[in-house]
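Following: one structure in structure tokens, then a few remarks.
Numbers restart at 1 for each chain; the letters A, B, ... are given by sequence-line order, proteins then strands.
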Amino acid sequence: MRRTLHLLCSALLMVGIAGCTKDELDVAELNTNPFDADYEGPAIFTVVNTSTSAYTIDGVEYLRLNVRVKVHTEYFPRATTYLVDQDGAPLIASSSMPDNELNVQFLDVDPGETYCRDLYLYNGGVRGGGNPVCGTAE
Amino acid sequence: MMKRIRSLLIPLSLIGSAAMAQNTGTLRLLVDPGHNFEFVLDRQYRMQQREVKLGEGLHHFAFWAPERMIVDTNVFVVADRTVDFVLKLPYSPEYMQYRQELGRYETKRRVARTVPTVAIAAGLIWTGFGYANYQKARDVLEKDRENYDINVAPGSIRTLKEETIPQHNDDLRSARTGLYTSIGFTAVAAGVTYFMYRRSARWERPTLNDMQKVLFDGLTWVPTREGGFFHAGLSIPLAR
């Protein structure tokens with residue numbers, strides 16, 4: 001009788017200890033998916049190169065900063081199509097970026113000035129993760 | 001002393017002489033219970049047999065069997081005839097009371113041991129279900145985690161983080177509370193069972209105080225082929 005109860009209590013203790021482990025998912029720690037708006041991993045968008053070119057409107061000459069940006073699809077959880085939200089500028093579809101690179105343009109820039117824009121992954125009408133890209137006009 | 005011995009030998013000689021004179025009748029005793037009844041014949045001779053040959057005339061019998069009442073009766077024995085004597089010995093009041101007390105004792109003991117044991121069994125089943133629920137809630141959260149890792153829809157990820165995972169976290173906490181409660185219940189039931197087993201083991205089992213036997217075991221003469229002996233009953237209650 002006593003041995004049976006000891007075994008029973010030991011089994012209950014083991015089950016109790018098994019239940020003691022903290023298994024809740026901490027939402028704040030979920031930030032490794034680039035399509036998550038809270039993404040905090042390596043930069044999804046990085047600058048490949050920058051160039052400055054002139055353009056004319058109504059006889060007035062302006063400078064344009066072109067920033068070549070690479071989308072790091074290797075950080076994606078799986079191969080997928082996607083859009084890039086340029087924070088106000090038109091969306092760019094992945095189908096138009098066969099090499100996963102896009103041009104970000106800044107118009108009417110001043111030489112020596114640095115210009116930045118936030119880029120985001122975009123799918124299903126909602127923004128995902130992103131980061132700013134910057135370039136300096138020459 | 002000689003007078004007493006002579007008085008004891010007289011009935012035997014009477015039986016013997018009666019038998020020799022062929023002036024006897026036979027009495028077949030059909031008594032319930034048939035296997036262990038005894039009787040005292042003519043308030044003197046204690047016997048345990050199913051058939052007696054007696055001299056013609058009226059004889060006194062005091063029948064008794066364990067747990068039964070003493071029944072006193074007179075039987076007239078007719079010479080050269082065999083007569084069946086049928087008798088059912090009623091249970092003694094002490095035995096009936098003993099049976100009631102024993103029944104109550106056994107019921108009480110059975111309840112005292114069965115109820116907490118059943119509670120343990122129920123607790124174990126509850127714990128099993130609680131553990132299964134807990135594991136299920138963990139699995140659901142693990143699937144949420146996998147879903148997060150492969151999801152490429154920001155809207156779906158937002159729903160997952162703002163609604164689905166918090167809900168499943170609550171489910172897990174609820175399952176854990178249920179598991180702890182069931183473990184606690186089972187442990188308490190185990191403790192109560194142990195306590196009740198020990199306590200009920202010390203409960204005194206009712207004993208039969210067979211007063212009818214005491215009365216029946218009064219001093220009697222038991223005739224045998226070697227001459228017979230006195231039978232005296234002495235009851236010493238050892239239970240207390």
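- Note: B/Trp126 and B/Phe185 meet the aromatic proximity criterion, with ring centroids under 6.0 Å apart.
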Worked check of ring-ring contact (aromatic ring centres under 6.0 Å, His included) between A/Phe76 and A/Tyr82: CA-CA 10 Å; A/Phe76 290 4; A/Tyr82 60 94; 5.2 Å; yes

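- Remark: side-chain polar atoms of B/Tyr91 are not paired, donor with acceptor, to backbone N or O of B/Glu94 under 3.5 angstrom.
- Although no hydrogens or angles enter the test, the distance criterion places no donor-acceptor pair under 3.5 Å between the side chain of B/Arg109 and the main chain of B/Arg205.
- The greatest number of non-hydrogen atom pairs below 4.5 Å with chain A, out of B/Asp149, B/Ile157, B/Leu124, B/Ile120, is found for B/Ile157.
- Checked for salt-bridge contact, A/Lys70 and A/Asp99 miss the test: no charged N lies under 4.0 Å from a carboxylate O.
- Between B/Lys136 and B/Asp139 there is no salt bridge, since no side-chain N of the basic residue sits under 4.0 Å from a carboxylate O of the acidic one.
- Contact of B/Ile165 with chain A is made through the side chain alone, with heavy-atom distances under 4.5 Å.
- Residues of residues 116-138 of chain A that come closer than 4.5 Å to chain B, counting heavy atoms only, are A/Asn123, A/Val126, A/Arg127, A/Gly128, ordered by residue number.
- Contacts between B/Leu160 and chain A at a heavy-atom distance below 4.5 Å are absent for every atom of the residue.
- A/Thr32 touches chain B through backbone and side chain together, each having a heavy atom under 4.5 Å away.
- Using a 4.5 Å cut-off between non-hydrogen atoms, no part of residues 45-66 of chain A approaches chain B.
- Side-chain atoms of A/Asn33 never come within 3.5 Å of backbone atoms of B/Val152 as a donor-acceptor pair (strictly under, hydrogens ignored).
- Checked against a 6.0 Å centroid threshold, the rings of B/Phe63 and B/Phe85 count as neighbours.
- Listed for the B/Thr193 side chain is a donor-acceptor partner under 3.5 Å among the backbone atoms of B/Pro116.
- Relative orientation of the B/Tyr98 and B/Tyr95 rings is tilted, given thresholds of 30° and 60° on the angle between their planes.
- The shortest distance between side-chain heavy atoms of B/Leu89 and B/Asp32 does not fall below 4.5 Å.
- Interface remark: B/Asn151 contributes backbone and side-chain atoms alike to the contact with chain A (heavy atom separation under 4.5 Å).
- At least one donor-acceptor pair under 3.5 Å links the side chain of B/Gln49 to the backbone N or O of B/Glu51.
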